2 protein chains.
Amino acid sequence: MKPGPRRSVSQVDIVDAAFEILEQKGFAAVSVRGVAAALGLTPTAIYTYFPSKNALLRAMVEELLSSLDLAAAADTGSAWRERVHALAAALRARIAEHTGAMVLVTSGPLDGRHALGLNETLIAGFMAEGMSQDDAARAAYAVRAHVLGVAALDAAERVDDAETSADTSTAGALWSDAASHPLTEATEHLVSGDAEPSAFVWGLDRLLDGILAGTAAGTAEGRAATA
Amino acid sequence: MKPGPRRSVSQVDIVDAAFEILEQKGFAAVSVRGVAAALGLTPTAIYTYFPSKNALLRAMVEELLSSLDLAAAADTGSAWRERVHALAAALRARIAEHTGAMVLVTSGPLDGRHALGLNETLIAGFMAEGMSQDDAARAAYAVRAHVLGVAALDAAERVDDAETSADTSTAGALWSDAASHPLTEATEHLVSGDAEPSAFVWGLDRLLDGILAGTAAGTAEGRAATA
DNA sequence: ACCTGAACACCGTTCAAGT
DNA sequence: ACCTGAACACCGTTCAAGT
């Protein structure tokens, strides 16, 4: 408890404490001071481990991604389509687990070791299906985008439920007016986070249908008329 | 300049001032105090127009979406695929225009009038192609997710370029080690924001291929084996 | 090397008061 | 109704100093 020259915590302790706060109080509540307090440290002590709050945030993203089983996604024991689904579902679940994790991911670059490893795994997998390196890269990009987009919609839906208050009183007034958006209203249940079958899986399947058409797994028919 | 009982600014003035700051200094710099100062007001005056900072942020998202031409997307004068592309490109461009706009979109619910209108337009469009209401809703969900996901990757890439500093020194160290991620490295140019043809368009086309297979615009062959 | 304590320049929001 | 000014409980970050 006294000043001592030896480290009293580790980088992962700090990241874990930050996740605890993220989960319980949301992204806005994640502060250097708060994390330090949770560990019984002074705010300035954190700067011994991370050069800035942003560096801590990036480390959190990396920890989030580190739990993805890239080895399983590279194991040709099962079909590529199934492996993509498993990987995508895992990534989506990781982001959905923590309140405000999507803001976290969006708040900075995705160039950490694990982020790049994920991309590498996806490209390699599509190439193994017979795609060119260029198209495989585009396909990997599309899959990453799809998962991130779904996570963004997940997050928007979640915070929507949480905010029942009068906070939304301005600049729109009669929003949820039932009659103005009948199709959205009628299909809301199909698209919510816990819908079964999930819109997430449906969309990913259609995307993979389009991507894999003409490859080993495809029907050798609708091969892309694109570059 | 004196206290007077009459409004000296409007809600849109405030939103515009906030966008100015967002564009020039990023999301973190958007503060109630800063916006007020830019308008020559006291921070507390803002609370006459918006009940909270979050309400101001939501109004910004709505203004962002208000510029989308939903009428053009509903005009059957051109092919549905082309209209989806135009709408998706416009939405992506709106988010890409302002630094930190993605964090803005992710930081709260997407239940504004214009957000719902966009969804409504997409569902109606897919139904006009012969899809069931349920599948059309799932298709609209997938398209929204794709655009948001691409915007998230755009944003991550942009902030990556901006951050050349030692900020990234911890918890990874030799990240951009060329050899560890050869595929990502070799295909980076295909996936960057200004690549031609863009990975965004490629991915959206594959998604639409998968979605529209079997409909009026499709080949009546690979109709989904899914629910 | 790791930590504290004080300090600087900020935040969002509330409240009483003025016109 | 619209605005100010003071106040409360916070921020991230820097710097000198202790062990």
Side-chain angles (χ1 to χ4, degrees), chain A residues 1-15 17-18 21-22 24-60 100 103-104 107-108 159 163 165-171, chain B residues 1-15 17-18 21-22 24-60 100 103-104 107-108 159 163 165-171:
Chain A
M1 249 121 163
K2 280 293 170 62
R6 270 282 155 261
R7 56 191 151 70
S8 62
V9 297
S10 67
Q11 290 203 22
V12 289
D13 288 333
I14 295 175
V15 171
I21 296 173
L22 180 72
Q24 292 179 357
K25 304 189 185 177
F27 182 77
V30 177
S31 68
V32 174
R33 295 174 115 104
V35 172
L39 293 168
L41 290 177
T42 262
T44 47
I46 302 292
Y47 289 86
T48 303
Y49 299 86
F50 298 96
S52 68
K53 181 187 179 179
N54 194 51
L56 168 58
L57 260 31
R58 288 322 100 213
M60 290 175 73
V103 205
L104 181 69
S107 69
V159 72
E163 273 174 26
S165 63
D167 213 37
T168 52
S169 62
T170 23
Chain B
M1 248 121 163
K2 279 292 171 60
R6 271 283 157 259
R7 55 188 152 72
S8 62
V9 298
S10 68
Q11 291 202 22
V12 288
D13 288 334
I14 295 175
V15 171
I21 296 173
L22 180 71
Q24 293 178 356
K25 304 188 184 178
F27 182 76
V30 177
S31 68
V32 174
R33 295 174 115 104
V35 171
L39 293 168
L41 290 177
T42 262
T44 47
I46 302 292
Y47 288 85
T48 303
Y49 299 86
F50 297 96
S52 68
K53 181 187 178 179
N54 194 51
L56 168 57
L57 261 28
R58 289 320 101 214
M60 292 176 73
V103 204
L104 181 68
S107 68
V159 71
E163 274 173 26
S165 62
D167 213 39
T168 52
S169 62
T170 22

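Quick note on labels: first sequence line is chain A, next is B, and so on, each numbered from 1. As the structure is a computational prediction, the values presented were derived from the model and not from experiment.
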S.K.: Pairing check on C/dC8: which nucleotide meets the Watson-Crick or G-U wobble criteria with it, both distances under 3.5 Å?
M.R.: D/dG12
S.K.: Any side-chain N or O of A/Thr48 under 4.0 Å from OP1/OP2 of C/dC2?
M.R.: no
S.K.: On DNA chain C, check which nucleotide each of B/Gly34 and A/Ala45 is closest to and give me the residue with the more 5' one.
M.R.: A/Ala45
S.K.: How many Å lie between CG on B/Leu56 and C1' on C/dC11, as a whole number?
M.R.: 15 Å
S.K.: Does a side-chain N or O from B/Thr44 land closer than 4.0 Å to OP1 or OP2 of C/dC15, or not?
M.R.: no
S.K.: Just the rounded figure in Å: distance from C1' of C/dC2 to CD of A/Gln11.
M.R.: 14 Å
S.K.: Provide, to the nearest angstrom, the distance between the NZ atom belonging to A/Lys53 and the P atom belonging to D/dT14.
M.R.: 14 Å
S.K.: Rounding to an integer number of Å, can you tell me how far A/Lys25 NZ sits from D/dC11 C1'?
M.R.: 14 Å
S.K.: Please determine if a side-chain N or O atom of B/Tyr49 lies less than 4.0 Å away from the OP1 or OP2 oxygen of D/dC3.
M.R.: yes
S.K.: Say we look at D/dA9 and C/dA9: how far apart would their P atoms be, to the nearest angstrom?
M.R.: 23 Å
S.K.: Can you name the closest pair of heavy atoms from B/Asn54 and B/Ser107 and give their distance?
M.R.: OD1-O, 4.2 Å
S.K.: Please name the pair of heavy atoms, one in B/Arg33 and one in B/Pro43, separated by the smallest distance, quoted to 0.1 Å.
M.R.: CG-CG, 3.9 Å
S.K.: In the structure I gave you, are the side-chain heavy atoms of B/Tyr47 and B/Val32 within less than 4.5 Å of one another anywhere?
M.R.: yes
S.K.: A/Asn54 has an atom CG; how far is it from atom C1' of D/dC11, in whole Å?
M.R.: 15 Å
S.K.: Determine whether a donor-acceptor pair (one donor, one acceptor, N or O, separation below 3.5 Å) exists between the side chain of B/Ser52 and the base of C/dG12.
M.R.: no
S.K.: Under 4.5 Å between any side-chain heavy atoms of B/Tyr49 and B/Val15, yes or no?
M.R.: no
S.K.: Identify the heavy atoms of B/Val35 and B/Ala17 that sit nearest to each other, and give their distance.
M.R.: CG1-CB, 4.2 Å
S.K.: Once you round it to whole Å, what is the distance between C1' of D/dT4 and CZ of B/Arg33?
M.R.: 13 Å
S.K.: Partner lookup for C/dC3, please. Criteria are Watson-Crick or G-U wobble with both distances under 3.5 angstrom; report none if nothing qualifies.
M.R.: none
S.K.: Considering every strand shown, what is the Watson-Crick or G-U wobble mate of D/dA17 when both distances are under 3.5 Å?
M.R.: none
S.K.: Taking the side chain of A/Val32 as heavy atoms from C-beta outward, which of D/dT4, D/dT13, C/dT4 is closest to it?
M.R.: D/dT13
S.K.: Has the side chain of B/Ser31 got a donor or acceptor atom sitting under 3.5 Å from an opposite partner on the base of C/dG12?
M.R.: no
S.K.: Whole Å only: how far is the CD1 atom of B/Ile14 from the P atom of D/dC3?
M.R.: 8 Å
S.K.: Expressed in angstrom and rounded to an integer, what is the separation of A/Leu39 atom CG from C/dC3 atom P?
M.R.: 10 Å
